[in-house]
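Scroll down for the structure; my scribbles are underneath it.
Chain letters run A, B, ... following the sequence lines, proteins first and then strands; every chain starts at 1. A quick note: this is a predicted structure, and the numbers were derived from the prediction, not measured.
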There are 4 protein chains.
Amino acid sequence: MRRRASGLIRDTGRGHEAAILRAALEAFAAKGFNGTSMREVAHSAGTSLSNLYNYFPSKGHLLAELLQRAGDEQLSRVRDAAAGGSATERLDAVVRAHIGFSTEHQLAALVALSEVRYLVGEQRTRVVRARDAVLATVARIVADGAASGEFGTPHPHDAARAIVAMCSSVATWYRPRGRLSRKALAEQHARYALALLEADALG
Amino acid sequence: MRRRASGLIRDTGRGHEAAILRAALEAFAAKGFNGTSMREVAHSAGTSLSNLYNYFPSKGHLLAELLQRAGDEQLSRVRDAAAGGSATERLDAVVRAHIGFSTEHQLAALVALSEVRYLVGEQRTRVVRARDAVLATVARIVADGAASGEFGTPHPHDAARAIVAMCSSVATWYRPRGRLSRKALAEQHARYALALLEADALG
Amino acid sequence: MRRRASGLIRDTGRGHEAAILRAALEAFAAKGFNGTSMREVAHSAGTSLSNLYNYFPSKGHLLAELLQRAGDEQLSRVRDAAAGGSATERLDAVVRAHIGFSTEHQLAALVALSEVRYLVGEQRTRVVRARDAVLATVARIVADGAASGEFGTPHPHDAARAIVAMCSSVATWYRPRGRLSRKALAEQHARYALALLEADALG
Amino acid sequence: MRRRASGLIRDTGRGHEAAILRAALEAFAAKGFNGTSMREVAHSAGTSLSNLYNYFPSKGHLLAELLQRAGDEQLSRVRDAAAGGSATERLDAVVRAHIGFSTEHQLAALVALSEVRYLVGEQRTRVVRARDAVLATVARIVADGAASGEFGTPHPHDAARAIVAMCSSVATWYRPRGRLSRKALAEQHARYALALLEADALG
DNA sequence: TATGAATGAGTTTTCATTCAT
DNA sequence: GATGAATGAAAACTCATTCAT
């Protein structure tokens with residue numbers, strides 16, 4: 001029984017691969033990396049424990065695969081959004097992209113936030129690099145806006161960190177059937193971010 | 001050799017209690033609740049594995065004790081800060097209190113943020129209640145300020161959530177010997193928060 | 001790329017058979033029967049795991065095939081050498097044949113020595129029989145020489161065992177590029193054997 | 001139920017330690033290191049699987065402990081025997097000591113012979129060093145005897161290797177209730193060794 | 001002949017916890 | 001309060017083998 005392609009985890013036609021990734025994502029989100037057993041993942045994926053290892057050489061690799069996909073997708077969205085226009089426009093777009101990712105791929109965003117620490121070596125480096133690149137992208141926009149006078153904030157770099165934290169945290173409480181639509185949420189946070197930066201646009 | 005009392009974990013004179021709590025806090029922060037074994041805690045605390053159970057009936061109780069202390073302390077600080085003055089003054093004080101806690105008790109703040117999920121039942125309820133009370137305190141101030149016209153933000157409740165998230169996230173990156181002093185950090189975030197709320201005071 | 005026919009493992013033109021036997025021989029020699037997985041063998045043989053089972057019905061059969069070939073070859077060489085002449089001449093020839101086998105087919109000799117124990121039933125019986133036949137061949141020569149007065153040793157049967165052990169052990173340390181050539185090694189051990197038997201010829 | 005102290009494995013009074021070592025020794029001898037499971041060892045030792053790990057941190061350490069004890073004991077016996085007298089006397093004594101060890105501690109001798117390969121790193125180095133020291137001790141005596149004219153063999157160093165191999169192999173077939181007593185076996189092999197060396201004494 | 005996917009039983013090792021002292 | 005020994009359950013991972021194609 002195939003579930004709808006989620007964008008991050010597409011059905012590759014390769015046996016249980018997608019089912020395993022989906023099961024792992026849900027389990028890691030619900031019970032944490034160390035709180036999840038490979039048995040549970042296998043069970044949820046509808047396959048046997050040992051078959052997991054035909055797809056991923058270790059539990060860590062399974063986490064890494066998820067976090068890399070999440071990190072890459074998030075970075076790609078943010079970078080696209082950071083492409084053109086004034087600092088104000090770009091920041092608005094980036095925040096919307098971030099919130100968009102955090103709500104569309106809420107589980108992945110959640111797991112990326114809380115389970116990176118369990119990656120090691122090269123895998124960790126790669127995921128952390130993507131995360132840092134997101135921050136750097138926001139920081140650059142903030143710096144540009146501060147330089148151009150669009151933003152009045154006296155501490156551009158730290159402000160970028162605050163904005164990213166604010167956006168990321170949405171994944172921890174967002175509920176699809178909540179009071180606010182994804183779009184409303186994105187708009188709201190774009191406004192928070194610009195206000196935080198003391199942007200002219202809100203004057 | 002006793003380490004300096006940390007405020008949260010005071011030496012009670014009751015044998016290894018403080019050492020155990022400290023060891024657990026550090027381990028949980030470094031490797032997560034499920035990534036930490038009681039053996040490691042015992043070893044770091046300088047006592048035997050079985051002796052742990054003379055102080056705490058289970059690993060879960062050990063976590064609960066830490067999180068309750070952290071939650072209580074944080075709530076108490078925030079409530080104290082929320083006591084008097086205009087909404088602007090109270091918000092400023094609350095943000096400073098929050099940042100103060102997150103930097104003074106960084107490990108506890110970190111563990112409170114990421115390991116609450118492993119509490120169950122009554123213990124979880126109690127800790128979550130403290131966390132919610134912090135949010136409610138901020139939300140009330142924001143609502144007051146919005147009502148009085150001090151804050152221009154059109155979404156007071158969500159803004160409170162954004163502010164708390166922003167403050168909490170400081171614990172994830174703060175380094176005692178970093179560029180900014182704890183006080184500077186607090187000031188900076190107070191400004192971010194007021195700006196986010198579109199406060200008159202920054203006009 | 002085919003490796004040179006080794007005598008024991010000839011290329012039969014039957015797909016991967018020779019490659020599998022060679023890979024198994026090397027792996028068993030390096031890591032032992034129980035330390036070697038079928039996966040490793042398949043990988044080294046350049047084929048798939050499941051294809052192994054098209055050639056050998058089980059891991060045990062793979063070992064049996066190797067050990068039978070080794071045992072048969074060794075026995076055949078020893079028997080040929082034991083054919084004619086005086087006891088002294090036959091013993092000299094047999095020791096040279098043994099050392100010849102142990103150095104030419106070092107891996108096979110090594111595996112035959114240390115992994116027979118993992119054979120079971122009929123397969124084990126057959127290999128052990130070949131091994132015993134080698135000993136019996138040597139023992140017969142020694143007995144003949146003792147009877148004829150060529151050898152002065154007072155314990156002919158046990159002496160045969162000592163000689164075979166001495167020859168077999170060469171496989172455990174021989175290195176093709178070592179100090180002694182294969183021929184020199186054979187000569188040396190022939191002399192050890194005759195001396196051990198207190199042969200007239202050395203008087 | 002305590003079994004008689006074996007010399008190598010003495011009862012230390014520390015719980016199941018001796019029982020575990022004995023069980024492991026027997027199992028490794030019977031089924032090989034990789035053919036033995038920790039479960040079997042635990043079962044034979046009369047304790048639980050997990051309790052094994054309170055005594056030995058890994059299966060490899062268990063093997064190492066056995067092989068180190070065996071290697072140390074063997075080396076110590078051989079060195080004691082190599083102490084005084086003519087080369088002929090010392091060689092005679094050393095061979096008797098070697099056979100003595102191989103028959104008294106047959107299982108340990110057997111396991112030392114066939115399972116060293118599964119040791120790694122420092123542990124392997126140490127055991128191999130003991131084994132090499134035994135060979136070196138014999139080689140020195142042979143060299144002395146060759147120099148003094150007591151032994152006529154033209155290849156002293158390799159002869160030492162042959163003698164050690166011959167003695168070690170006794171452990172592979174010796175049976176306590178066999179035709180020859182331990183003493184007779186030792187005498188016999190001493191004679192083989194001296195004959196092999198073309199010793200004057202046998203002239 | 002050849003393969004990729006799959007599996008059940010088994011491996012070593014770790015864990016939180018208990019108990020006798 | 002403190003300990004060393006012990007345990008049952010479960011963890012991650014491996015294995016020889018099978019099956020559909």
Side-chain angles (χ1 to χ4, degrees), chain A residues 13-17 19-20 33-42 45-62, chain B residues 13-17 19-20 33-42 45-63, chain C residues 13-17 20 33-42 45-63, chain D residues 13-17 20 33-42 45-62:
Chain A
R14 202 197 154 216
H16 286 83
E17 191 178 36
I20 292 169
F33 178 69
N34 278 318
T36 299
S37 79
M38 289 296 262
R39 230 180 195 78
E40 293 172 87
V41 173
T47 185
S48 69
L49 170 58
S50 43
N51 197 28
L52 252 52
Y53 292 86
N54 289 326
Y55 293 88
F56 302 95
S58 78
K59 196 182 169 190
H61 281 83
L62 191 40
Chain B
R14 197 188 161 225
H16 287 86
E17 189 178 37
I20 292 169
F33 178 68
N34 278 315
T36 299
S37 77
M38 291 294 265
R39 261 194 160 80
E40 292 172 81
V41 173
T47 184
S48 70
L49 172 57
S50 27
N51 198 26
L52 254 50
Y53 291 85
N54 287 322
Y55 293 87
F56 302 95
S58 80
K59 196 183 170 192
H61 283 82
L62 191 39
L63 178 63
Chain C
R14 198 189 159 224
H16 287 86
E17 189 178 36
I20 291 169
F33 177 68
N34 279 316
T36 298
S37 77
M38 290 295 264
R39 261 195 159 80
E40 292 171 82
V41 173
T47 184
S48 69
L49 172 57
S50 27
N51 198 27
L52 254 50
Y53 291 85
N54 287 323
Y55 293 89
F56 303 95
S58 79
K59 196 183 170 191
H61 283 83
L62 192 39
L63 178 63
Chain D
R14 202 200 153 214
H16 286 83
E17 190 178 37
I20 292 170
F33 177 69
N34 278 317
T36 299
S37 78
M38 289 296 263
R39 230 180 196 75
E40 293 172 89
V41 174
T47 185
S48 71
L49 172 57
S50 43
N51 197 28
L52 254 52
Y53 292 85
N54 289 327
Y55 293 89
F56 302 95
S58 78
K59 196 181 169 191
H61 281 83
L62 191 41

Nucleotides bounding contact with chain B, strand DNA chain E, heavy-atom threshold 4.0 Å:
E:dC15 to E:dC19
Measure across B:F33 and B:K59 and return the closest heavy-atom pair with its distance rounded to 0.1 Å.
O-NZ, 2.9 Å
Per nearest nucleotide of DNA chain F, the residue lying toward the 5' end, C:S37 or A:R39, is A:R39
Whole-Å distance separating the NZ atom of B:K59 from the P atom of F:dA10:
15 Å
When you match D:M38 and B:S58 each to their closest nucleotide on DNA chain E, which lands nearer the 5' end?
D:M38
Should we count CZ of A:R14 as having more than 12 external heavy atoms under 6.0 Å?
yes
The residue, C:F33 or A:T36, whose nearest nucleotide of DNA chain F is more 5′ is A:T36
With pairs taken as Watson-Crick or G-U wobble and both distances under 3.5 angstrom, which stems of at least three consecutive pairs involve DNA chain F?
E:2-21 with F:2-21
Round to the nearest Å and state the distance from A:Y55 atom OH to F:dA12 atom P.
19 Å
For A:F56 and A:H61, the nearest pair of non-hydrogen atoms, with its separation, is CD2-O, 4.4 Å
5'-most contact on DNA chain E (nearest-nucleotide basis), D:N34 vs C:E17, goes to C:E17
Would you give the length of the straight line joining atom CE of A:M38 to atom OG of A:S48, rounded to the nearest 0.5 angstrom?
11.0 Å
So what does D:R14 touch, heavy atoms closer than 4.0 Å: a base, only the sugar-phosphate, or nothing?
sugar-phosphate
Where along residues 47-54 of chain D does a heavy atom fall under 4.0 Å from DNA chain F?
D:T47, D:S48, D:S50, D:N51, D:N54
Quick one: closest heavy-atom pair of A:L49 and A:R39, and the distance?
CD2-NH1, 3.4 Å
Provide the closest heavy-atom pair for D:H16 versus D:N51 in the form atom of the first, atom of the second, distance.
ND1-ND2, 3.9 Å
Looking only at heavy atoms, which two atoms of B:I20 and B:V41 are closest? And how far apart?
O-CG1, 4.0 Å
